[in-house]
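The sequence lines fix the lettering, A, B, ..., with proteins before strands; numbering per chain opens at 1. As the structure is a computational prediction, the values presented were derived from the model and not from experiment.
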Amino acid sequence: MPVELYNTLTKRREEFKPMAPGKVGIYSCGPTVYSHPHIGNFRSFLVADLLKRFFEFKGLKVTHIMNITDVGHLVDDADEGADKLEETARKEKKDPLEIARFYTESFMTASKLLNIKPADVYPKATEHIQEMIDMVKTLVDKGYAYVVGGNIYYDVTKFANYGRLSGNTLDDLNAGARIELNPEKKNPQDFALWKHDPKHLQQWDSPWGRGFPGWHIECSAMSSKYLGAQFDIHTGGEDNIFPHHECEIAQAEGASGKKFVHYWLHTRFLLFDGEKMSKSKGNLYTIQELIEKGFKKNAIRYALISSHYRQNYNFTFDGLKAAAQAIDKIQQCVFQLKDISKNKESGQVRKELQELSSNCLAQFDEALSDDLNISKALAVCFDFLREVNKVDDANSTEANALLDTIGKIDSVLGVLEKADEEVPAQIIEMAEKRKEAKANKDWKTADAMRDEITAKGWILEDTPGGGYRIKRGGQD
RNA sequence: GGCGGCGUAGCCAAGCGGCCCAAGGCGACGGUUUGCAAAACCGUUAUUCGUGGGUUCGAAUCCCACCGCCGCCUCCA
């Protein structure tokens, strides 16, 4: 089944053809580590994760690179030299690298909580200064860039395709006229490749004196290093389209003379309660904060991946609760199947169940192949679950086969708990007491036990065979 | 000012010319089941897709206008 993806570069859906058969190279714009990444950042990272897991589901070998920006981006294009990382460093009176390390750790922790598969390499900008200098040198040598004092600028008029990704033209950009004129630049749209500013905390030696790299060069340099001058897919948030990715293309293609990236995927912004997320509105939640509020980590993951990546998703606490319910629906089915798998005889897998599984997987594949149509894919998943729940005479072999199918789906979704949650001995004791009371038809004691378990934050459900399932209580 | 996206049930969200009197999830209501619950299953919950026109044998899907929301053009996933 061929995969179709919407390519920002061509502004249409295209069949995905990897450069090397069976292999995919993906570069994702990662976090700038001057603060805790929030749910919006993670939506974009989760889209990359979903894409990667889906390719792996289809049997492709994925090489995934995600950069860690530990050199701050400039706040503006004027010569102020203040950047976010530096700002935080000055405010917290810490070394920029110390800040970067702290927030990188925060990012990694949250990624793990969200069950994001680690990238193969997380290159740090500060560890690739030499690669950036080399690329800048090439651009100067080839005439794409010019030196003014200790600063290097990219001359956008030298790169014919500048604006192709974003749809901007130089004329339109000039009409925007929100750019402060910098007398050093030949054209207002020229962007910095290397900057000189003695006030800057992070400085490196270069052929043009001490300074620091411009905003965009790190991604061009690092992606080329780890994936080659040409690679398959580049992902990021919609805000990256311009100027960041536009400039990346100009740099990489200027330096190599080859087409840089074949497919550009951009994730649309997340809204919170219908509003743009921003610091002033106080709705920039981090993953850790949501977990502290009592929401489950897999519900956060589900909520963030459950709508199409090219659509604004309105993130709400109610949505998070709905997500938790949806996951429990899957989890419940898994629980029943495991129960059957343990307690029933083995046997043949009926043809109709084989077909149920293979149809489900084929439709799931088809849905995601359709530009990652996750809504359709989830619908397939729940339709399958309904059919499975109707089967009341499965043998253990069949249960295992169905579990295997759910496992394959979850290898992409990544929302199921790997192991059954550790239930405290005290709770199990109460559940056993209830079981005994039930056997004696002592409903009063049985109900009291169940209430007590509920009060302790757990939920006890009876199963038809006289057994029970204990699960974590809801959030809030 | 330039470029782009969106508006589908109480909420989230597919569908993008006939299979649609429109998937799926959450919620609600009724039923089966259960000691009672929960879960599961069955059924109900949009004859209608922001509004008004048009094209077409046929439109949620195409065109036009209008209204509303959002994003980018400036650090931002």
Side-chain angles (χ1 to χ4, degrees), chain A residues 8 11 28-32 34-35 37-48 72-78 82-84 87 163 166-169 171-180 189 215 235-244 246 266-271 274-279 284 302-303 306-308 310-316 318-329 331-333 335-336 367 370 373-383 385-386 388-390 392 438 441-444 446-447 450-451 454 459-464 468-469 471:
Chain A
T8 310
K11 288 164 191 64
S28 299
C29 275
T32 302
Y34 60 77
S35 66
H38 52 76
I39 47 175
N41 303 69
F42 275 104
R43 161 129 123 137
S44 152
F45 304 149
L46 280 166
V47 167
H73 287 165
L74 292 165
V75 163
D76 61 47
D77 204 19
D83 78 30
K84 299 277 178 161
E87 249 175 39
S166 61
N168 288 323
T169 64
D171 285 346
D172 289 341
L173 287 169
N174 288 335
R178 284 214 264 162
I179 294 146
E180 284 182 53
Q189 302 306 328
W215 331 351
T235 75
E238 60 170 325
D239 57 315
N240 283 153
I241 297 172
F242 190 89
H244 187 54
E246 194 76 76
H266 292 99
T267 306
R268 213 159 275 286
F269 269 133
L270 199 67
L271 302 175
E275 290 189 313
K276 181 177 173 159
M277 298 193 301
S278 68
K279 267 194 187 122
L284 284 179
Y302 185 100
S306 64
S307 75
H308 192 79
R310 283 192 295 113
Q311 195 87 49
N312 283 119
Y313 174 65
N314 186 16
F315 189 93
T316 61
D318 281 345
L320 226 38
K321 286 179 202 160
Q325 277 309 113
I327 293 168
D328 193 58
K329 195 166 191 155
Q331 204 81 58
Q332 184 83 26
C333 183
F335 179 86
Q336 301 288 6
D370 179 15
N373 190 333
I374 186 73
S375 303
K376 215 195 267 176
L378 288 171
V380 168
C381 172
F382 286 106
D383 283 340
L385 250 38
R386 188 178 314 108
V388 171
N389 282 331
K390 278 191 224 174
D392 56 3
K438 270 184 67 182
K441 297 204 189 298
D442 177 2
W443 309 127
K444 214 172 161 184
D447 288 350
R450 188 168 61 195
D451 289 346
T454 307
I459 293 169
L460 184 131
E461 293 172 358
D462 294 335
T463 52
Y468 54 81
R469 177 188 176 199
K471 62 187 188 192

Worksheet entry | Test side chain to side chain contact (heavy atoms under 4.5 Å, CB included) applied to A:N389 - qualifying residues, sequence neighbours left out | A:C333
Discussion item. Applying side chain to side chain contact (heavy atoms under 4.5 Å, CB included), can you list everything that pairs with A:N373, at least two apart in sequence or on another chain?
Written reply: A:D370, A:S375, A:K376
Discussion item. By nearest heavy atom, map A:K444 and A:E461 onto RNA chain B; which one lands nearer the 5' end?
Written reply: A:K444
Practice prompt. For A:G40 and for A:S307, find the nucleotide of RNA chain B with the closest heavy atom, then tell me which residue's nucleotide is more 5'.
Written response: A:S307
Verify the contact: side-chain N or O of [X] to OP1 or OP2 of [N], cut-off strictly under 4.0 Å; return yes or no.
X	N	result
A:T32	B:A77	yes
A:K11	B:C3	no
A:N373	B:A23	no
A:N41	B:A77	yes

Item to complete: State, yes or no, whether a side-chain contact exists between A:R268 and A:H308 at a heavy-atom distance under 4.5 Å.
Response: no
Ignoring the backbone of [X], work out which of [options] is nearest its side chain.
X	options	answer
A:Q325	B:G27, B:C36, B:A77	B:G27
A:Y302	B:G15, B:G25, B:A77	B:G25
A:A379	B:G25, B:A23, B:A77	B:A23
A:M277	B:C72, B:A77, B:G24	B:A77
A:H308	B:A13, B:A14, B:G24	B:A14
A:S375	B:A23, B:C76, B:G25	B:A23
A:W215	B:C41, B:U74, B:A77	B:U74

Test of understanding: with side chain to side chain donor-acceptor pair (under 3.5 Å), list the residues that count as partners of [X], not counting sequence neighbours.
X	answer
A:S166	A:N168, A:E246
A:T8	A:H266
A:D462	A:R434, A:K438
A:K471	A:D328, A:E461

Separation of [N] [atom2] from [X] [atom1] (nearest whole Å):
X	N	atom1	atom2	answer
A:H266	B:C73	NE2	C1'	15 Å
A:I241	B:C72	CD1	P	10 Å
A:Y34	B:C76	OH	P	7 Å
A:K376	B:C16	NZ	C1'	11 Å
A:R386	B:C42	CZ	P	6 Å

How close do [X] and [Y] get, counting heavy atoms only, and between which atoms?
X	Y	value
A:G236	A:S44	C-OG, 4.0 Å
A:S306	A:L378	CB-CD1, 4.0 Å
A:K11	A:G167	NZ-N, 4.3 Å

Item to complete: State which residues pass ring pair (Phe, Tyr, Trp, His ring centres under 6.0 Å) with A:F45; sequence neighbours excluded, sorted by chain then number.
Response: A:F42, A:F107
Worksheet item: Got a sec, which residues hit ring pair (Phe, Tyr, Trp, His ring centres under 6.0 Å) with A:Y302, two or more places apart in sequence or on another chain?
Response: none
Can you measure from [atom1] ([X]) to [atom2] ([Y]) and round to the nearest 0.5 angstrom?
X	Y	atom1	atom2	value
A:F382	A:K329	CZ	NZ	6.5 Å
A:Y313	A:L271	OH	CG	11.0 Å
A:E238	A:R310	CD	CZ	12.0 Å
A:L284	A:S35	CG	OG	8.0 Å

Assign [X] to base, sugar-phosphate, or nothing according to its heavy-atom contacts below 4.0 angstrom with the strands shown.
X	answer
A:F335	nothing
A:D318	nothing
A:K329	sugar-phosphate
A:D447	base

Could you go over nucleotides 67-71 of chain B and give all protein N or O partners under 3.5 Å, atom names and distances?
| from | atom 1 | to | atom 2 | distance (Å) |
| --- | --- | --- | --- | --- |
| B:G71 | O2' | A:E238 | OE1 | 2.7 |
| B:G71 | O2' | A:E238 | OE2 | 3.2 |

Worksheet item: Is A:W443 stacked on the base of B:G35, with ring centres under 5.5 Å apart and planes under 30° apart?
Response: yes
Worksheet item: Donor-acceptor pair under 3.5 Å: do we get one between A:R450's side chain and the base of B:C36?
Response: yes
Output a table of nitrogen or oxygen pairs between the protein and nucleotides 31-34 of chain B separated by less than 3.5 Å.
none

Worksheet entry | Secondary-structure notation, RNA chain B, from Watson-Crick and G-U pairs under 3.5 angstrom (| other strand) | ((((((((.[[[..)..(.....]]]((((((.......))))))....[[[[[..)....]]]]])))))))....
Polar atom pairs (N or O), protein with nucleotides 18-20 of chain B, under 3.5 Å:
none

Worksheet item: Expressed as a whole number of Å, how far does the C1' atom of B:G52 sit from that of B:A60?
Response: 16 Å
